[in-house]
Amino acid sequence: RSKRRGRGQITVYSTEIAEQMKRATQLEQALRNAIIANEVEVHFQPIVDLQNDTVVGFEALARWIDRDLGFVSPAVFVPLAEERGFIDALSETLLRKAAEAALSWPQELFLSFNLSSAQLMDPSTAFNILAIINRTGLDLRRLELEITETAMMTDPETAHKIVTELRSAGVRIALDDFGTGQSSLSRLRDFAFDKVKIDRAFVSRITSDSASEHIVKAIIAMCRGLELEVVAEGIEDFAEALRLKALGCGLGQGYFYGRPVDAEATLDYIARKYVDEGNREKATA
Ligand code: C2E
Ligand code: MG
Ligand code: MG
Ligand code: MG
């Protein structure tokens, strides 16, 4: 192994790293511009009551299509915005758009919104969210915020304060992606959550892998005892829906019930599913 080859490899790697950094900076600039130009959108995915097949709310999911870069996943641009320190600007726009859309839904339907880890370390988050929601006029009791265990880990004390403040204002809190992160059962005891969302990783294997089924069954039983609502994420087919229903899972979400769609298509969805399913008087009231 020659030294020259070693040096050559180092050059290759540093060129790759430089390329990656360049791409990240381009992405960051494009995202900053998109936020200023108000081009980051919110889509909505239905959450349904599995026992009677009615829609009960929608989760807001950020969507950004860049002219040059094309579709960029929120799993990429949300962490980038956090890292580069402009998650507050992004999140504020998204929450405002989501709340404004929710104003034209039937009042029984809730809006679920994802909080990022940086927001859970910032003591002013609760105040900021309440201010944005109050400005839109959306009833705070229709708002639900999703947080992940991993996001709470960095500063559990601040996260706890934020959760407590929001809950005392009437906002509900859901624990997202349950079962994949550093799942800690003591956190379920020490934090007052309203809901647990079982991660898609378990749901997508529920009909093919009995271990996954047992885990889902145990989470449902535990949540019943703790009086927490349960949502199964990522339901993609009828067999999964049936199995979850049989296990007594209260709520579900996934492509089988509906993909995330824009605000206008969400209203169409509500007109088709919600109104047709015996809620006609409520929807038009
Ligand atoms: P999440 O909060 O766990 O959202 C669920 C993700 O699963 C969404 O991906 C959704 O489109 C996808 N999904 C729903 N049903 C199915 C299904 O049946 N099959 C499959 N394969 N996928 C399904 P998406 O929209 O790409 O978002 C990814 C993540 O990005 C979210 O995970 C959330 O952590 C984050 N995110 C999205 N929007 C926002 C936002 O406005 N703010 C923050 N802070 N994070 C966001
Ligand atoms: Mg979520
Ligand atoms: Mg999730
Ligand atoms: Mg996730």
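Numbering of ligands and ligand atoms starts at 1, following listing order.
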Which N, O or S atom of Asp176 lies nearest to the Mg ion (ligand 2), by name:
OD2

Counting heavy atoms only, which of Ile147, Thr148, Val203, Asp176 comes nearest to atom 2 (O) of ligand 1?
Asp176

Considering just N/O/S atoms, say which atom of Glu59 is closest to the Mg ion (ligand 2).
OE2

Flag, side chain of His43 to backbone of Arg259, donor-acceptor distance under 3.5 Å
no

Within the 4.0 Å heavy-atom cut-off, what Leu61 brings close to ligand 1 is both

How are the rings of Trp64 and Phe77 set to each other: parallel, tilted or perpendicular (split at 30° and 60°)?
perpendicular

Atoms in ligand 1 flagged as close to Glu236, the criterion being non-hydrogen separation under 4.0 Å:
17 (C), 18 (O), 19 (N), 20 (C), 21 (N)

Counting from 1 in the order shown, the ligand 1 atoms closer than 4.0 Å to a non-hydrogen atom of Gln45 are 14 (C), 15 (N)

For Leu115, the ligand 1 atoms whose distance to one of its heavy atoms is below 4.0 Å:
44 (N)

Would a distance-only check, ignoring hydrogens and angles, find a side-chain to backbone donor-acceptor pair under 3.5 Å from Arg142 to Ala102?
yes

So, does Ser91 sit close enough to ligand 1 that a heavy atom of it is under 4.0 Å from the ligand?
no

Verify the distance criterion only: is there a donor paired with an acceptor across the side chains of Gln119 and Thr125 at less than 3.5 Å?
no

Does even one non-hydrogen atom of His43 get within less than 4.0 Å of ligand 1?
no

Any chance the side chains of Ser204 and Glu236 put a donor and an acceptor closer than 3.5 Å?
no

Examine Asn114 and say whether one of its N/O/S atoms is closer to the Mg ion (ligand 2) than 2.8 Å.
yes

For Pro260, the ligand 1 atoms with a heavy-atom partner under 4.0 Å come out as 11 (O)

Test of geometry: compute the angle OE1(Glu233)-the Mg ion (ligand 3)-OD1(Asp177) and round it to 10°.
90°

Which of the atoms in ligand 1, numbered in the order shown and given with their element, are less than 4.0 Å from a heavy-atom of Leu94?
41 (O)

So which of Phe113, Phe71, Tyr255, Phe77 gets nearest to atom 23 (C) of ligand 1, if we judge by its closest heavy atom?
Tyr255

Should Glu165 and Lys161 count as an ion pair when the cut-off is N to O under 4.0 Å?
no

Can a non-hydrogen atom of Glu233 be found less than 4.0 Å from any atom of ligand 1?
yes

Using a cut-off of 6.0 Å, state whether more than 12 heavy atoms not belonging to Phe71 lie near its atom CZ.
yes

Please verify whether a non-hydrogen atom of Lys197 lies at under 4.0 Å from ligand 1.
no

Can you confirm, on distance only, whether ligand 1 has an N/O atom lying under 3.5 Å from any N/O atom belonging to Gln253?
no

With a 4.0 Å cut-off on N to O distance, would you call Asp262 and Arg63 a salt bridge?
no

Indicate the ring-plane relationship of Trp105 and Phe58, choosing parallel, tilted or perpendicular according to the 30° and 60° boundaries.
tilted

Taking C-beta and beyond as the side chain, do Val231 and Lys195 meet within less than 4.5 Å on heavy atoms?
yes

Give yes or no for whether the N/O distance cutoff of 3.5 Å, strictly under, is met between Gly254 and ligand 1.
no

Select one of side chain, backbone, both or neither to describe which atoms of Arg259 lie under 4.0 Å from any atom of ligand 1, heavy atoms only.
neither

Taking non-hydrogen atoms only, is Val42 closer than 4.0 angstrom to ligand 1 via side chain, backbone, both or neither?
neither

Return yes if a side-chain donor-acceptor contact under 3.5 Å exists between Glu59 and Asn114, otherwise no.
yes

With respect to Asn114, determine whether any N or O atom, backbone or side chain, lies less than 3.5 Å from an N or O atom of ligand 1.
yes

Ion pair present between Glu39 and Arg67, side-chain N to carboxylate O less than 4.0 angstrom?
yes

Passes salt bridge (charged side-chain N to carboxylate O under 4.0 Å, His left out), Arg32 versus Glu28? Steps please.
CA-CA 6 Å; Arg32 281 182 187 276; Glu28 178 189 352; 3.0 Å; yes

Would you mind running through ligand 1 and noting each atom that sits below 4.0 Å from a heavy atom of Gly234?
16 (C), 17 (C), 18 (O)

Using a 4.0 Å cut-off to any heavy atom of Ser116, which atoms of ligand 1 qualify?
44 (N)

Using side-chain contact (heavy atoms from CB on, under 4.5 Å) as the criterion, point out the one residue from Asn134, Ile129, Leu166 that pairs with Leu140.
Asn134

Under 6.0 Å from the CZ atom of Arg205, do we count more than 12 heavy atoms belonging to anything else shown?
no

Which one holds for Asp177 and ligand 1: side chain close, backbone close, both close, or neither close, with close meaning a heavy atom under 4.0 Å?
side chain

With the Mg ion (ligand 2) as the point of reference, which N/O/S atom of Glu146 is the closest?
OE1

